[in-house]
Amino acid sequence: MNLLLDTFEFGLHTQIHYGIGRLNELGAILKNYDLDRVLICTDPGIAQSGVLEKVEGILQKSEIQYTVFKEVEPDPTLEVIGKVKQLFLDHQCQALIGLGGGSSIDTAKGASAAVANPGDLGQYEGKNKLPNRGPDIIAIPTTAGTGSEVTHATVLKDTQRQYKMGILSQHLHPKAAILDPELLTTLPRGLAAITGMDALSHAIESYTSNQAQPITEALGLHAIRLIGKNLRPFVARRTDIEAASQMMLASTIAGAAFIWGRVAAVHALSHPLGGRYKIPHGLANSILLPVVMEFNVSSNFEKFKEIAILLGEDVSGLSLRDAAYRSVTAVKNLVEDLEIHATLSANNVKLSPEELQVVAQEAFDSGIALANPKAVSVQDLKKILEKAL
Ligand SMILES: [Fe+2]
């Protein structure tokens, strides 16, 4: 970016309440926003883990009325959003709480949009097409990955088309996010690994994207640094509260980075893979990230060298090019250390040549890859997928 010629925008519209044990302040925080009737969106795993029970206890103590929807699914569908909207209206709620990973928060965002905007949400796919701001959203993440607690995006699935769509709008920013690292300590190991890799994908894609600007670069770099230091110890032992705290912050910081810095080819491809083959978002990103980085390295050796250093590679004595390629090695090693199966076929996903073409075309048509540092064609996306098989 040329600061003498170019312009950029940046804003973060979500109030962040960070701290170990801050979940206990949920009632006070809601009252501060004049909210006393809320709908909680969460998933069966959170309901069974005891976290939902804890939240209910806190709300009861604060005399806040609440309704619970605990059937959030991975990749929330438009049908589920319709159900949550109806529940919200039936109980005359004022706000939605997204309690869980990205799917719970995105369900809350989708339902907020559905309450305030007429017709099928599919018509609002894309950037800034949502006319009205809906009821407030309070995000309480229980994974360190999505960044959805601060972003303006919700990713919803149209089951009829087997299609994952992104709705991006200033109206979707949560009003507040409660970041309590204690909520990460019960996260299953496999989920901690792939959601952490999602956060790393946000940080690396936004830092290297052609939409990067000084503020998103600063956020992306710091998120990469935090993830490089803390993802392994966090996955090894989620009760390591220091590592959990740093990962929770890294995830939110990477989210703030990609609101404006955007994500690119990794996310362009992981959406159709999730929509068509139900590959969890973080897993698809873990597989795609090193392959896409290898494709992109030549676009900016300096930036990729910086990533290599922040991920712990010793690049002393190496040429700039060799140092930059070490970033790919670093991510491959990280995936291996986290015990993530590094290919699609190792995760029982096999794509025929026709299916590769369909996924690559869908990824291209979404426009997400427009932010990729190296311009990508459908053919390029197909080659990337072939390497990920
Ligand atoms: Fe993501």
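On a predicted model such as this, the values are computed, not experimentally measured, just so you know. Just follow the structure's listing: the first ligand is 1, and inside any ligand the first atom is 1.
- Here the angle at the Fe ion (ligand 1) defined by NE2 in His281 and OD1 in Asp198 stands at 90°, rounded to 10 degrees.
- The closest side-chain donor-acceptor pair between Thr329 and Glu313, if any, does not fall under 3.5 angstrom.
- Taking the Fe ion (ligand 1) as reference, the nearest N/O/S atom within His202 carries the name NE2.
- When distances from the Fe ion (ligand 1) to the N, O or S atoms of His267 are compared, NE2 comes out shortest.
- Salt-bridge check for Lys303 with Glu217: passed, with a basic side-chain N closer than 4.0 Å to an acidic carboxylate O.
- Ion pairing between a basic and an acidic side chain is recognised when a charged N comes within 4.0 Å of a carboxylate O; Asp158 and Arg161 show such pairing.
- Looking at Glu182 and Arg22, no side-chain N of the basic residue comes within less than 4.0 Å of a carboxylate O on the acidic one, giving no salt bridge.
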